Amino acid sequence: MRDLSALLAQMTIEEKVGQLMLLSVNFFGTDTELTGPAQEWGLSPEELSRVGGCLGGKDADTVRKIQEKHLASDRNKIPLMFMNDVIHGFRTIYPINLGLSCSFDPELVGECTRMSAKEAAAGGVHLSFAPMIDLARDARWGRVMESSGEDKILASALGAAQVKAYQGEDLTSSEHIAACVKHFAAYGAGESGRDYNTVDMSERTLREFYLPAYKACIDAGVKMLMTAFNSLNGLPATVNPLLMKQILREEWGYDGVVVSDWGAIYELTVHGVAGDLRDAARLAFDNGCHIDMCSKAYYQNLSRLVREGVIPESDLDDAVMKILTLKDELGLFENPYHGADVEKGYLSPEHRAIARRAATESAVLLKNDGTLPFSKDVRRVAIVGPFADDHGIIGVWASKGKKEESVTVAEGVRALLPNAEIVTARGCGNTHTDTDESGFAEAIELARGADAVIICVGEHAHYGGEANSRTSLDLPGVQAEFVKAITAVNGNSAVLLFNTRPLSLVNIYDASPAILDMFFPGTEGGNAAAELLFGEANPSGKLSMSFPKSVGQCPIYYNRMLSGRPKVSLPDEEYQAFSNGYIDCGSRPLFFFGEGLSYTSFEYKSMELDSHELDASGKIRVSVTVKNTGDRAGKEVVQLYIRDIVSSTIRPVQELFDFCKISLEAGEEKTVVFEITEPRLRFWDAQCRHISEPGEFSLFVGYADHPIISDSFRLVEGK
Ligand code: GLC
C-alpha cells in the first residue's frame with residue numbers, strides 16, 4: 001500500500017472536496033447512461049480535474065479515454081473510480097435477482113457474480129452498486145425485482161455471497177471489483193409500496209427483519225455502502241443518526257466508504273430537513289456520508305464549511321483518506337485502468353453456461369397437473385403470447401447486456417427440437433393498456449393444432465425497477481383472458497411466466513394445467529425454458545417472496561405475527577367471524593415463500609435432534625434425511641423453520657432458520673445437518689435488546705405453512 005498521507009498533505013481543500021464528488025459519465029465524455037435526472041453544471045476543466053468518481057462508463061475504450069484525460073489534468077494524479085450498476089450480469093446476463101434468489105443457492109449466486117465481476121472489470125468498472133438486499137415484503141414496489149425477497153436469512157446469505165464474489169481475495173485483480181451494499185436502510189418498506197416513499201416502523205422491526213442482510217454484507221467485507229432515498233421514522237436515511245452513526249459505526253464498526261444515492265443529499269431540501277444545499281451538505285457530512293452522488297451540495301458548500309470551521313478539516317481528511325484507501329486497494333494508483341481490457345469473456349460458452357444454469361435453477365414450478373414436462377417427441381409446438389419470441393426476457397437494468405444476444409423461448413425450443421414444427425403468435429400485449437384481443441384468434445388456431453402449447457405471458461420488463469410501482473398485481477391487459485382462451489382449446493398447455501415481482505395468478509390458476517415462473521431469466525432464458533419445459537432439466541426453484549391472492553393482501557409475508565384472533569379456519573377462502581381475515585379474500589398467499597414443485601418427488605424420511613435441550617454454550621444438531629422417490633434426478637431446498645412458542649415479545653408463527661440445496665439422483669437419499677446454537681436464537685425484544693430467552697421452540701422441515709416433519713426443543717438458559 002502506498003503512503004497516502006503524503007498525498008493527502010499536498011491536497012488543497014477544494015481538491016479534497018473533489019474526491020467526495022461522484023458525477024455521471026456525461027460530465028466526462030461521450031457516454032450518456034443515466035440512472036437519474038440529467039444535469040449540466042458548467043464545471044470548469046480545473047473543477048472537473050478534481051472530481052473523484054465517475055458514475056457510468058461501461059466499455060474499456062471509453063473508460064481509458066476518460067481516465068487518461070483526467071490523469072493528465074489532475075495535479076495530484078489521483079485516478080477516477082468508475083462506479084456502475086452491475087445488477088444481474090454485465091454483458092452475459094443472468095436472472096434478475098428476485099428470480100436468482102429463488103435458486104436458494106449461494107454458490108450459484110457467487111458463480112454468477114464472479115462472472116459478472118470479470119466482465120465488468122474488463123469493461124472498465126471498478127465498483128458495482130450491488131448487492132441490493134433491501135428486504136421486500138410488498139410486491140407493489142418495483143424494486144422487489146432487484147431484491148433477494150422477503151426473508152432476512154436468505155437475503156443475508158445471498159448478499160454475503162455476492163460481496164465475496166465481486167471482491168474476491170485481492171481487489172487489485174483484474175477479475176474483481178469492489179461492491180457496494182444498498183440501500184441503507186429499509187428502502188423496501190415504503191408506504192403503499194411506492195418508491196422513495198415514507199418508511200415508518202419500530203426500531204425493533206427494523207433491527208429484527210430489515211437490518212440483518214446489510215450487516216451480513218458488512219461482515220463479508222463490503223467496501224462501500226449506499227444510503228437510501230427514503231426517510232425512516234421522520235429522518236431521511238442519509239441523515240438518520242440511528243442508522244448512520246449509532247448502528248453503522250458504533251454498533252457494527254463499519255469503517256468503509258458511504259455514498260449517497262443519486263441526488264439524495266440535495267433531496268434533503270425536498271424532504272424539508274435542510275433549508276438549503278449548505279445545510280444539506282453539513283447534515284449529510286456530519287452523519288458520515290462521504291460521497292455526494294450527483295448533487296451540488298458538497299461541490300458548492302463543503303470547502304466553505306471547512307474554511308468557516310463548521311466542519312473540521314480533520315473530518316474532511318478522514319473522509320478523503322477512506323476514498324484514497326479504496327482506490328489504493330483497487331490498485332488504481334499503479335494501474336488506473338484496473339481490468340479495462342478488450343471484451344474479455346463476454347458471452348463466452350462458459351459464461352453462457354453459467355447464465356443458463358442460473359436461469360434453469362431459478363425457475364419456480366408453481367403448478368403442474370402432470371402436463372409437464374412435455375414429451376420431446378412432439379411434432380408441432382405452438383408458442384404463443386407476448387413473450388413467445390421476445391428478446392426482452394433478458395430483463396431491464398441489464399448493464400451491457402444486449403437484447404439481441406439473448407435466446408428467446410421460440411429460439412430455445414427450436415434449438416432443442418430441431419425436427420419439430422415450431423409456430424408462434426404474439427396474441428396480445430403485456431401492458432395494462434393492451435386491451436386488444438384481435439390477436440387471440442390466430443394464437444387459438446395455432447394452439448388448436450399443436451401437440452404442446454407454451455403460453456408466454458407476464459409483465460412488460462419495465463414494470464419492474466426504480467420508480468415502477470403498481471397498484472395491481474394482475475397479469476397486465478388481457479393476458480388472463482388470453483391464457484383461458486388458449487387452454488380452452490388445448491389442455492396440453494403450460495403457462496410460462498415472465499415477471500419482475502410476485503403476481504396475483506388467481507385469474508389463471510384453475511385454467512392453467514401448469515405454471516412455470518421464469519421471472520426475467522437473462523441471456524440464456526429461452527434455452528433454460530426449453531430445457532425445463534421438455535424435461536432436459538428439472539425445476540428446483542423455491543419462491544423467495546410470497547405470491548398474494550390479491551394486491552389487497554400487501555404487504556404479505558410468511559413470517560407473520562399471529563394477532564389475538566388469527567384466521568385459522570381452512571379452507572382459506574372461508575370467512576371466519578371475529579378473525580383477522582377478510583370478508584372477500586383468504587388471508588394466505590396463493591403461493592408461499594419457499595414453495596416450488598419438481599418433476600420428481602422427495603420423501604422427508606426423518607428429522608432427528610441429537611438433543612432436545614440447549615444451553616447457552618451448546619448446540620443441537622438437526623439431521624434431516626431426504627430421499628428422491630421419483631424416477632429422475634432433482635434438487636431440493638431443505639428448509640428448517642423455527643418458532644419461539646412463548647416469549648416476552650410476540651414472535652413470528654415461523655421463521656426460516658436455515659436452508660440447504662441438495663442434488664439427489666433417482667432413489668438416492670442424503671442427510672443434511674443443521675446446527676442450532678443459542679446465539680442464533682436471539683431476537684430483538686420489545687425493549688430493543690438483542691436477547692434469547694429460555695423456553696420451548698418448535699421446528700419443522702417443509703416450507704412456510706407446510707410442515708412435513710415437526711419436533712421441538714427447549715432452550716434452558718437465555719442470554
Ligand atoms: C439510482 C438507484 C441506485 C443506483 C444509483 C446509481 O437512483 O437508486 O440503486 O445504484 O442511482 O445509478
Side-chain angles (χ1 to χ4, degrees), residues 21-28 31-39 51-58 80-90 96-98 113 116 120 123 125-136 141-148 155 159 162-163 166 177-190 194-197 199 213-214 217 222-232 236-238 257-268 270-271 289-295 297 395-400 462 464-469 500:
M21 291 167 61
L22 170 59
L23 298 183
S24 46
V25 70
N26 56 299
F27 280 85
F28 296 93
D31 239 341
T32 56
E33 333 137 26
L34 293 182
T35 54
Q39 319 180 49
V51 173
C54 174
L55 201 176
K58 289 179 184 164
L80 279 168
M81 192 187 314
F82 285 86
M83 310 182 212
N84 256 292
D85 295 288
V86 186
I87 303 298
H88 59 112
F90 186 72
I96 57 171
N97 283 296
L98 184 63
T113 309
S116 180
V125 177
H126 302 157
L127 174 139
S128 172
F129 295 126
M132 184 277 210
I133 41 82
D134 301 312
L135 199 78
W141 188 43
R143 302 194 77 169
V144 301
M145 175 189 91
E146 305 163 47
S147 81
S148 289
Q162 290 179 67
V163 168
Y166 273 124
I177 59 177
C180 173
V181 61
K182 68 186 185 182
H183 306 77
F184 192 64
Y187 184 25
R194 289 161 55 194
D195 206 350
Y196 316 122
N197 216 14
V199 172
Y214 303 110
C217 290
V222 75
K223 294 296 180 182
M224 192 178 285
L225 172 140
M226 182 187 295
T227 65
F229 285 119
N230 55 282
S231 64
L232 173 68
T238 305
V257 180
V258 174
V259 62
S260 76
D261 203 336
W262 184 299
I265 297 179
Y266 149 73
E267 289 172 10
L268 300 177
V270 182
H271 282 287
C289 184
H290 304 118
I291 297 178
D292 177 0
M293 183 194 292
C294 301
S295 112
V396 292
W397 232 9
S399 201
K400 295 293 276 186
H462 287 279
E466 189 172 345
N468 288 340
S469 296
T500 66

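First listed ligand is number 1; within each ligand, the first listed atom is number 1. Since we're looking at a predicted model, the values are computed, not measured.
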With a 4.0 Å cut-off on heavy atoms, does [X] reach ligand 1?
X	value
Arg143	yes
Trp397	yes
Met226	yes
Glu146	no

Value rounded to 0.5 Å, distance of [atom1] in [X] from [atom2] in [Y]:
X	Y	atom1	atom2	answer
Met83	Ser128	CE	OG	11.5 Å
Asp195	Asn468	CG	CG	8.0 Å
Lys223	Ile177	NZ	CD1	14.0 Å

- Proximity of His183 to ligand 1 by residue part, where a heavy atom lies under 4.0 Å: side chain
- Numbering as shown, the atoms of ligand 1 that approach Lys182 to under 4.0 Å (heavy-atom distance):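 So the atoms of ligand 1 that pass are 3 (C), 4 (C), 9 (O), 10 (O).
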- Item | For Phe229, atoms of ligand 1 separated by under 4.0 Å from a heavy atom | 7 (O), 8 (O)
- Polar proximity ligand 1 side, Tyr187 side, N/O cut 3.5 Å exclusive: no
- Does any N/O atom on Trp262 come nearer than 3.5 Å to any N/O atom on ligand 1? no
- Task: Would you please name every residue forming a ring-ring contact (aromatic ring centres under 6.0 Å, His included) with His88, sequence neighbours left out?
- Result: none
- Task: Report the residues that fulfil ring-ring contact (aromatic ring centres under 6.0 Å, His included) with Tyr266, sequence neighbours left out, ordered by chain and then residue number.
- Result: none
- Message: Are Arg143 and Trp397 packed together at the side-chain level, in the sense that at least one heavy-atom pair is separated by less than 4.5 angstrom?
- Response: yes
- Mind checking whether Cys217 and Pro131 have side chains closer than 4.5 Å, heavy atoms only?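 Sidechains of Pro131 and Cys217: in contact.
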